Protein chains: 2
Amino acid sequence: MLAARILAAAREAFATTGYAGTTMRAIARAADVDPALVYHYFGSKEALLDAATDPPQRWLDGVAATWATPVDRLGEALIRLMLGAWADDEIGPVLRAILQTAAHETTTREKLRRVVEGSLLGVSQLGTDDADRLRRSGLISSQLMGLAMVRYVWRIEPVASMTDDALVAAVAPTLQRYIEHDLG
Amino acid sequence: MLAARILAAAREAFATTGYAGTTMRAIARAADVDPALVYHYFGSKEALLDAATDPPQRWLDGVAATWATPVDRLGEALIRLMLGAWADDEIGPVLRAILQTAAHETTTREKLRRVVEGSLLGVSQLGTDDADRLRRSGLISSQLMGLAMVRYVWRIEPVASMTDDALVAAVAPTLQRYIEHDLG
């Protein structure tokens with residue numbers, strides 16, 4: 001699949017050199033196709049970024065399934081969901097491309113907001129009202145995305161090399177507290 | 001001070017458009033100086049990035065002072081230190097420039113590692129041995145930097161607009177747990 005090959009090359013390039021530092025020509029070269037073909041499939045660099053950072057349906061389904069977890073085990077389920085997604089050959093590169101371009105690209109930042117909202121905010125189990133639910137979701141996101149940045153993007157040790165189980169033991173109680181405890 | 005004006009313009013430009021997306025010419029224009037002067041002061045774009053992301057001594061001193069806090073109030077002290085630093089006219093733009101370029105620039109990522117180590121790892125109060133201390137420091141960093149990304153870089157609501165006191169109440173216990181509790 002040529003389009004899939006171009007998308008994979010685009011994710012890698014955007015994640016490594018950023019949106020502004022990436023040219024359509026470099027993506028074409030990495031995908032081993034003619035630049036005209038990249039334009040033919042995706043129209044523009046902006047449209048290619050948009051396509052390259054679209055969350056796979058399988059990830060959205062996994063997120064929805066996670067919310068069926070009983071609330072007292074939701075903290076662990078969320079951290080395991082995050083670790084599994086980053087280890088996934090299809091989903092991991094999309095998440096990486098999103099986090100690595102969201103700092104500078106408004107369109108990716110909007111997508112990150114939607115991913116956060118779609119992953120966390122539709123959670124009727126959380127909190128006492130909408131404002132409380134949103135606050136809890138934001139705090140969960142701050143821990144999960146901070147962990148993703150340290151572990152996968154910035155690769156700061158020892159967090160980059162800790163086992164999944166060690167991270168779950170350390171971080172699940174944080175998430176559980178944001179889910180159901182009094183936050184002052 | 002011309003050099004200070006160039007540095008401020010460089011931080012803003014790197015944070016907004018990334019390192020690859022920023023030219024020395026654009027920085028010169030933002031600082032309202034001749035591009036030759038930017039080269040005269042800083043030599044190269046890489047050297048300018050390096051200077052623009054150097055942590056101010058006042059910040060390093062503040063970090064050192066925070067570690068004198070009794071261990072049972074260290075969680076709150078650390079989150080207040082982070083919130084104060086981002087609100088500071090001098091320190092905030094440096095932290096922003098570091099976090100917004102570390103995803104793509106190896107030199108900034110190394111600096112981020114050193115800042116994390118310098119801010120957190122020299123903490124003889126934490127943990128039972130070096131490995132345990134490093135693990136606790138990494139987890140503290142993951143929460144503090146995730147919060148900084150969500151609140152200041154990606155500006156995702158409601159975390160972006162929560163009061164300092166509400167964030168301290170919500171996040172200090174997380175840090176306190178990473179500082180002194182059993183992490184499994």
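This is a predicted model, so every value here is computed, not measured. Below, chains carry the letters A, B, ... as their sequence lines are ordered, and counting in each starts from 1.
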Linking I/L/V/M/F/W/Y whenever any side-chain heavy atoms sit under 4.5 Å apart, do [X] and [Y] land together?
| X | Y | value |
| --- | --- | --- |
| A:Ile91 | A:Leu7 | no |
| A:Leu139 | A:Leu74 | yes |
| B:Phe14 | B:Trp86 | no |
| A:Val150 | B:Ile98 | yes |
| A:Tyr41 | A:Val94 | no |

Under 6.0 Å from the [atom1] atom of [X], do we count more than 12 heavy atoms belonging to anything else shown?
| X | atom1 | answer |
| --- | --- | --- |
| A:Arg58 | CZ | yes |
| B:Glu46 | CD | no |
| A:Asp89 | CG | no |

Between [X] and chain B, with a heavy-atom cut-off of 4.5 Å, which part of the residue counts as in contact: side chain, backbone, both or neither?
| X | answer |
| --- | --- |
| A:Val171 | both |
| A:Val153 | both |
| A:Tyr152 | neither |
| A:Arg155 | both |
| A:Ala160 | neither |
| A:Tyr178 | side chain |

As an exercise, state the distance from [atom1] of [X] to [atom2] of [Y], rounded to the nearest 0.5 Å.
| X | Y | atom1 | atom2 | value |
| --- | --- | --- | --- | --- |
| A:Ser142 | B:Met162 | OG | CE | 9.0 Å |
| B:Met149 | A:Leu99 | CE | CG | 7.5 Å |
| A:Met145 | B:Leu147 | CE | CG | 10.5 Å |
| A:His104 | B:Thr22 | NE2 | OG1 | 8.0 Å |
| A:Leu183 | B:Leu167 | CG | CG | 10.5 Å |
| A:Thr174 | B:Arg177 | OG1 | CZ | 4.5 Å |

>> At a heavy-atom distance under 4.5 Å, which candidate from B:His181, B:Arg151, B:Gln143 has the highest pair count against chain A?
In response: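 It is B:Gln143.
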>> Counting heavy-atom pairs closer than 4.5 Å to chain A, which one of B:Ala166, B:Ala131, B:Pro158 comes out on top?
In response: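 Heavy-atom pairs under 4.5 Å are most numerous for B:Pro158.
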Between chain B and each of [options], count heavy-atom pairs under 4.5 Å; write down the option with the most.
| options | answer |
| --- | --- |
| A:Ala20, A:Gly184, A:Gly18, A:Gly21 | A:Gly18 |
| A:Val159, A:Ile156, A:Asp182 | A:Ile156 |
| A:Ala148, A:Ala103, A:Ala15 | A:Ala103 |

